[in-house]
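The structure appears right after this line, and notes come after that.
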Amino acid sequence: MNSTAEPIPFRRSMLREHRHVCAFFSSAVEEYDALLPFICDGINCGQRAFHVLPSQHREDHLNWLRNAGVDVEKTMKSRQLEVALPEDTYLKTGRFDQDAMLVLIQEALKAGAGLGFPLTRMIAHAEMAVDDWKSGIEWAEYEMLLNSVLPNYDDPVICTFDVNLLTAPHAIDILRTHPMVIVGGVLIENSFFTSPHDFIREVQSRTGPGQSYRA
């Protein structure tokens with residue numbers, strides 16, 4: 001998995017071969033304190049930033065970037081910075097669609113390479129996709145399936161969550177489907193990461209044999 005890719009600094013740690021990360025934050029200040037240096041480092045290195053977040057947070061997000069020294073207008077014009085909304089991505093069909101999202105995320109990563117950027121650093125807020133039990137299970141399945149896709153790319157993907165908007169079961173499933181995690185602003189290898197086979201078997205026991213979790 002990404003064994004030949006150059007490590008990516010994240011504060012006092014490094015993203016190495018595992019680049020699928022979940023990040024839990026309790027406030028915007030905590031989130032931007034952790035992620036802004038990572039975002040700015042990528043832009044300064046000539047890499048692409050692709051962010052997904054709810055429309056009501058878009059302007060605040062751009063202002064955080066401006067205050068950190070990012071020339072937002074210039075980077076957006078060159079497509080080095082792209083800020084997408086949930087309704088343009090994982091809620092494009094009106095509800096979360098696993099297969100469509102797996103295709104879309106790969107297209108977004110390929111688009112960065114097609115535009116000439118050596119790497120895309122993707123950060124996506126996903127709380128709107130896990131607002132009930134069923135969608136939470138579907139999102140966890142998607143995250144698990146993503147682990148079989150992302151090793152084909154060197155690009156890091158950070159799935160961020162406001163812990164105030166998650167139930168405990170959703171948070172646990174999200175945690176168990178990511179090999180790396182950011183907690184308290186610190187990037188660590190996730191000891192709770194569960195193999196796809198074991199995770200599927202456990203969720204099938206919860207949802208019943210009629211539900212199809214794919215290997």
Side-chain angles (χ1 to χ4, degrees), residues 10-11 13 15 18-36 38-39 50-58 60-61 64 83-98 100-102 104-105 121-147 149-150 156-196 198-207 211 213:
F10 187 94
R11 303 187 89 174
S13 189
L15 268 176
H18 299 295
R19 300 193 170 183
H20 185 203
V21 185
C22 62
F24 298 103
F25 301 109
S26 59
S27 69
V29 171
E30 181 186 6
E31 175 183 351
Y32 284 98
D33 183 56
L35 296 182
L36 271 178
F38 177 77
I39 295 169
F50 188 97
H51 303 156
V52 182
L53 69 161
S55 57
Q56 66 266 30
H57 300 312
R58 187 178 186 277
D60 282 344
H61 180 69
W64 278 99
V83 180
L85 305 178
E87 50 265 37
D88 300 323
T89 51
Y90 50 80
L91 298 178
K92 196 170 185 178
T93 62
R95 62 178 300 277
F96 178 65
D97 185 315
Q98 298 165 359
M101 191 59 193
L102 287 169
L104 186 147
I105 198 168
R121 300 190 184 196
M122 180 178 287
I123 299 174
H125 266 275
E127 299 92 344
M128 291 176 65
V130 290
D131 58 356
D132 59 29
W133 183 85
K134 183 179 179 181
S135 64
I137 290 293
E138 289 175 341
W139 183 267
E141 180 185 18
Y142 156 73
E143 295 281 17
M144 181 272 295
L145 293 170
L146 202 52
N147 289 313
V149 169
L150 291 182
V157 175
I158 300 178
C159 307
T160 64
F161 297 89
D162 181 344
V163 296
N164 302 297
L165 302 177
L166 293 177
T167 66
H170 289 161
I172 291 169
D173 278 347
I174 290 163
L175 181 64
R176 295 178 64 203
T177 54
H178 292 76
M180 302 295 293
V181 60
I182 298 168
V183 179
V186 179
L187 172 71
I188 57 174
E189 189 169 341
N190 183 10
S191 60
F192 295 98
F193 178 61
T194 305
S195 73
D198 291 341
F199 186 79
I200 292 169
R201 184 172 57 185
E202 179 183 325
V203 174
Q204 281 180 335
S205 71
R206 282 189 269 158
T207 59
Q211 303 296 319
Y213 255 57

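No hydrogens, no waters, no symmetry mates; every other heavy atom, side chains included, goes into these values.
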(message) Applying side chain to side chain contact (heavy atoms under 4.5 Å, CB included), can you list everything that pairs with Asp33, at least two apart in sequence or on another chain?
(response) Arg11
(message) Once rounded to the nearest 0.5 Å, what's the spacing between atom CG of Leu150 and atom NE2 of His18?
(response) 12.0 Å
(message) The criterion is side chain to side chain contact (heavy atoms under 4.5 Å, CB included); which residues satisfy it with Ala124, sequence neighbours excluded?
(response) Val52
(message) For Tyr142, give me all partners under ring pair (Phe, Tyr, Trp, His ring centres under 6.0 Å), at least two apart in sequence or on another chain.
(response) Phe96, Trp139
(message) Ignoring hydrogens, what is the shortest heavy-atom contact between Asp173 and Ala140? Give both atom names and the distance.
(response) CB-CB, 4.0 Å
(request) Using side chain to side chain donor-acceptor pair (under 3.5 Å) as the criterion, list what pairs up with Thr167, not counting sequence neighbours. (result) His170
(request) Starting at NE2 of His20, measure out to CD1 of Ile158 and round the result to the nearest 0.5 Å. (result) 10.5 Å
(request) Taking side chain to side chain donor-acceptor pair (under 3.5 Å) as the test, write out the residues that go with Tyr32, two or more places apart. (result) His61
Distance-only check: which donor-acceptor pairs under 3.5 Å involve side-chain atoms of residues 184-191, not counting sequence neighbours?
unit_1	atom_1	unit_2	atom_2	d
Asn190	OD1	Phe192	N	2.9
Asn190	ND2	Leu175	O	2.5
Asn190	ND2	His178	O	2.7

(request) Can you measure from CG (Asp88) to OG (Ser55) and round to the nearest 0.5 angstrom? (result) 9.5 Å
(request) Show your working on side chain to side chain contact (heavy atoms under 4.5 Å, CB included) between Leu35 and Phe10 and close with a plain yes or no. (result) CA-CA 8 Å; Leu35 296 182; Phe10 187 94; 4.0 Å; yes
(request) List in chain and number order the residues that pass side chain to side chain donor-acceptor pair (under 3.5 Å) with Arg58, two or more places apart in sequence or in another chain; answer none if no residue qualifies. (result) none
(request) Only counting residues at least two apart or in another chain, list the ones meeting side chain to side chain donor-acceptor pair (under 3.5 Å) with Glu31. (result) His125
(request) Measure the CG-NE2 distance between Leu85 and His51 for me, rounded to the nearest 0.5 Å. (result) 13.5 Å
(message) Quick check: do Val21 and Pro156 have side-chain heavy atoms less than 4.5 Å from each other?
(response) no
(request) State, yes or no, whether a side-chain contact exists between Ile174 and Phe24 at a heavy-atom distance under 4.5 Å. (result) yes
(message) If I take atom CD1 from residue Ile182 and atom CG from residue Leu15, how far apart are they, to the nearest 0.5 angstrom?
(response) 7.5 Å
(request) Would you name the heavy atoms of Pro179 and Phe193 that are closest together and state the gap between them? (result) N-CD1, 3.5 Å
